[in-house]
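One structure below.
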Amino acid sequence: MSLTFRIILIAVSVWTFIYMGRRIAKSQVLISDAVYWILFSMLLVILSIFPQIVEWLKNLIGIQSSVNCIFLIIIFLLLMKIFSLTIRVSQLDVKIKDMAQRYAVDKKIEEDEQKEKTREKQ
């Protein structure tokens, strides 16, 4: 892994760490979501500082290049995040549907009660 690539990884990781810290401070992101990105950036820093880990991992997996191994790790971790976000979006869709149905039923009951009251007055 070249020195330039290692420096870029460290710089991007530090920037991600600082960016997430600012977003947490401004309450623009949930801490649980930011933890993933902070850990992700720390992992990239560790892999940049200790390229022996990447060398060992690439030999274990049978990948030709350290850079390809880093990209594979990044892609895998991002796919895991996308999968967890897909699950969360699906759960939110179900909740929204339930809320909309409850609202419609409550609205209908309210309208029926108002119609009944106007009939009683007449």
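Note that these values count all heavy atoms, side chains included, but never hydrogens, waters or copies made by symmetry.
A distance of 7.5 Å separates CE in Met20 from CH2 in Trp15, rounded to the nearest 0.5 Å. How far CG of Asn59 is from SG of Cys69: 9.0 Å, rounded to the nearest 0.5 Å. Atom CH2 of Trp56 and atom OG of Ser66 lie 13.5 Å apart (nearest 0.5 Å).
A salt bridge does not link Arg102 to Asp98: none of the charged nitrogens lies less than 4.0 Å from a carboxylate oxygen.
Ring geometry for Trp37 against Phe40 counts as perpendicular: the plane angle is over 60°, on a 0 to 90° scale with 30° as the lower cut.
Side chains of Leu79 and Phe76 form no contact here, defined as non-hydrogen atoms less than 4.5 Å apart. Leu9 has its side chain out of reach of Val45: every pair of non-hydrogen atoms, C-beta onward, lies at least 4.5 Å apart. The side-chain heavy atoms of Asn68 and Leu72, taken from C-beta on, include no pair separated by under 4.5 Å. Within the 4.5 Å cutoff, the side chain of Ile73 has heavy atoms near those of the Leu43 side chain.
Counting heavy atoms of neighbouring residues, nucleotides and ligands inside a 6.0 Å radius, atom CD of Gln52 exceeds 12 of them. Atom CD of Gln101 has more than 12 heavy atoms from other residues, nucleotides or ligands within 6.0 Å. The environment of Ile31 atom CD1 is sparse: at most 12 non-hydrogen atoms of other residues, nucleotides or ligands sit within 6.0 angstrom.
Every side-chain hydrogen bond (donor to acceptor under 3.5 Å, both in side chains) that Asp33 has, sequence neighbours left out, goes to Arg88. In this view, Lys115 satisfies the salt bridge (Lys or Arg N to Asp or Glu O under 4.0 Å) rule with no residue, not counting sequence neighbours. Annotation: salt bridge (Lys or Arg N to Asp or Glu O under 4.0 Å) contacts of Asp106 (sequence neighbours excluded): none.
When all heavy atoms of Gln64 and Lys58 are compared, the closest pair comes out as O-NZ, 3.4 Å. Pairing each heavy atom of Ser48 with each of Arg6, the nearest pair is O-NE, 2.7 Å. The heavy-atom pair separating Phe17 from Ile38 by the smallest distance is CE1-CG2, 3.2 Å.
Here the two rings, on Phe5 and Phe71, have centers that are under 6.0 Å apart.
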